[in-house]
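Read through the structure below, which is laid out as structure tokens, and then see the notes.
These numbers were taken from a predicted model, which means no experiment stands behind them.
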Amino acid sequence: SRMVVTGIIIMFVGYLLLSILLGSETPAIIAMGAALILISVGTGLFKGNLQVMVGDLYNDPHYANKRDAGFSLFYMLINVGALFAPTAAIYSMEWSQEVFGLTKAESYHAAFAIACISVIISILIYYFGKSTFKQVLSVKKVKNQESAPVEEMSPKETRERIICLVLVFAVVIFFWMAFHQNGLTLTWFADEFTATKSTGIESMAFDVTNLVAIIFMVYGIFGAFQSVTTRARLINGVVIAAGIAILAYNYNQLEPEISISAPIFQQFNACFVVMLTPVSIALFGWLAKKGK
């Protein structure tokens, strides 16, 4: 718990540095380097320990079979933020350019100011929600150490586990190196080598409200199939109808041509994660029922 809070605070300081307009001289470069180091350290402290806390929520044998579904929800809700972040960044940058006369190269500071606000909201949610996860905030101490002996692994077992761990490292290091190109390299590619205008129905995909409507429709469809009462089916039917209505309205209001900002492409990965989480949960639930 302490490492999670410490990580959040360090991340916040890093985002705060990035939100300050310092120009393009040496102080600005030093501040950016310091900010990136702080965000890296803060993320390292925050992310791993938070995942441990999520796992510990399901230590009770009564809830153990729901652990996989819990992690799916955890990952989905992370991507809810990632779904709206590109739109928030673009609008904040455009606003700062219009109001303060900032250049495109300067306006990114406004996007990180939005990130600072988001971190503050996250901290408040964490503190006000402590009563719901208090069982993972403290470590239970064993009164009699002799009653809980630690079984030592043999050299062979230790070696096998270390080899497995190294193999996992070898995979995940390169996977995340490739995956996080989405944040920089692929955004540069989108900015310089993809169309900057869109026409027709494809323009609908670049409006986050349309993606949210489709997500609600997918959830409504899953809910309708899983419902056991007429009232539940009716509620899910209303959700599906509302999604269709939003899409129809937005399509009728669609401009003949819209401009596309490169960062908006980052919303699609998060959209698919959120949209397909019910599929993941259903799969894990089916496997759990089969005892796998």
Side-chain angles (χ1 to χ4, degrees), residues 3-50 75-127 176-177 179-192 194 196 206-209 211-212 259-271 273-274:
M3 289 297 98
V4 169
V5 175
T6 302
I8 291 175
I9 293 172
I10 293 174
M11 286 168 58
F12 174 78
V13 175
Y15 287 130
L16 189 62
L17 275 176
L18 288 176
S19 68
I20 300 173
L21 186 61
L22 296 174
S24 58
E25 301 300 325
T26 302
I29 296 172
I30 294 173
M32 176 176 284
L36 294 177
I37 291 172
L38 288 170
I39 293 171
S40 299
V41 173
T43 303
L45 292 172
F46 169 78
K47 189 175 181 181
N49 288 292
L50 185 63
Y75 189 55
M76 180 199 77
L77 291 170
I78 290 172
N79 280 276
V80 168
L83 175 61
F84 291 100
T87 299
I90 290 169
Y91 277 115
S92 64
M93 291 170 68
E94 291 176 349
W95 175 81
S96 65
Q97 290 168 18
E98 292 175 5
V99 175
F100 299 108
L102 300 181
T103 64
K104 185 177 178 181
E106 295 172 332
S107 60
Y108 78 90
H109 294 284
F112 284 103
I114 298 292
C116 288
I117 296 171
S118 300
V119 172
I120 292 172
I121 294 172
S122 298
I123 293 173
L124 292 175
I125 292 172
Y126 180 84
Y127 273 107
W176 289 113
M177 283 175 62
F179 179 84
H180 283 298
Q181 298 307 306
N182 183 47
L184 181 63
T185 309
L186 292 180
T187 305
W188 273 344
F189 183 89
D191 187 47
E192 298 180 8
T194 63
T196 58
F206 297 100
D207 185 342
V208 72
T209 59
L211 300 184
V212 172
S259 298
I260 303 172
S261 296
I264 203 67
F265 286 98
Q266 295 191 41
Q267 71 183 5
F268 296 114
N269 177 72
C271 173
V273 171
V274 177

4.5 Å side-chain heavy-atom contact, [X] and [Y]:
X: Ile120; Y: Phe12; answer: yes
X: Phe100; Y: Leu21; answer: no
X: Asn79; Y: Asn269; answer: yes
X: Tyr127; Y: Val5; answer: yes

State, to 0.1 Å, how close [X] and [Y] come at their nearest heavy-atom pair, and which atoms those are.
X: Met32; Y: Tyr108; value: CE-OH, 3.1 Å
X: Leu102; Y: Ser107; value: CD1-CA, 4.1 Å
X: Ala262; Y: Thr187; value: CB-O, 3.6 Å
X: Lys104; Y: Asp191; value: NZ-OD1, 3.7 Å
X: Ser92; Y: Ala89; value: OG-O, 2.8 Å
X: Tyr126; Y: Val4; value: CE1-CG1, 4.1 Å

Any chance you could measure [X], atom [atom1], to [Y], atom [atom2], to the nearest 0.5 Å?
X: Tyr91; Y: Ser96; atom1: OH; atom2: OG; value: 14.5 Å
X: Leu17; Y: Leu36; atom1: CG; atom2: CG; value: 10.0 Å
X: Ile114; Y: Met93; atom1: CD1; atom2: CE; value: 12.0 Å
X: Leu211; Y: Phe84; atom1: CG; atom2: CZ; value: 9.0 Å
X: Ile9; Y: Phe46; atom1: CD1; atom2: CZ; value: 12.0 Å
X: Thr87; Y: Asp207; atom1: OG1; atom2: CG; value: 7.5 Å

Glu25 atom CD: more than 12 heavy-atom contacts under 6.0 Å: no
Walk me through it: do Ile260 and Phe265 pass the test side chain to side chain contact (heavy atoms under 4.5 Å, CB included)? CA-CA 9 Å; Ile260 303 172; Phe265 286 98; 3.8 Å; yes
For Ser19 and Ala110, indicate whether the former's side chain and the latter's backbone hold a donor-acceptor pair under 3.5 Å. no
State whether the side chain of Ser261 and the backbone N or O of Ile264 hold a donor-acceptor pair below 3.5 Å, judged by distance alone. no
Evaluate the criterion side chain to side chain contact (heavy atoms under 4.5 Å, CB included) for residue pair Ile20 and His109; output intermediate values, then yes/no. CA-CA 6 Å; Ile20 300 173; His109 294 284; 5.7 Å; no
Under the side chain to side chain contact (heavy atoms under 4.5 Å, CB included) rule, what do Val212 and Leu83 come out as? Steps first, then yes or no, please. CA-CA 9 Å; Val212 172; Leu83 175 61; 4.2 Å; yes
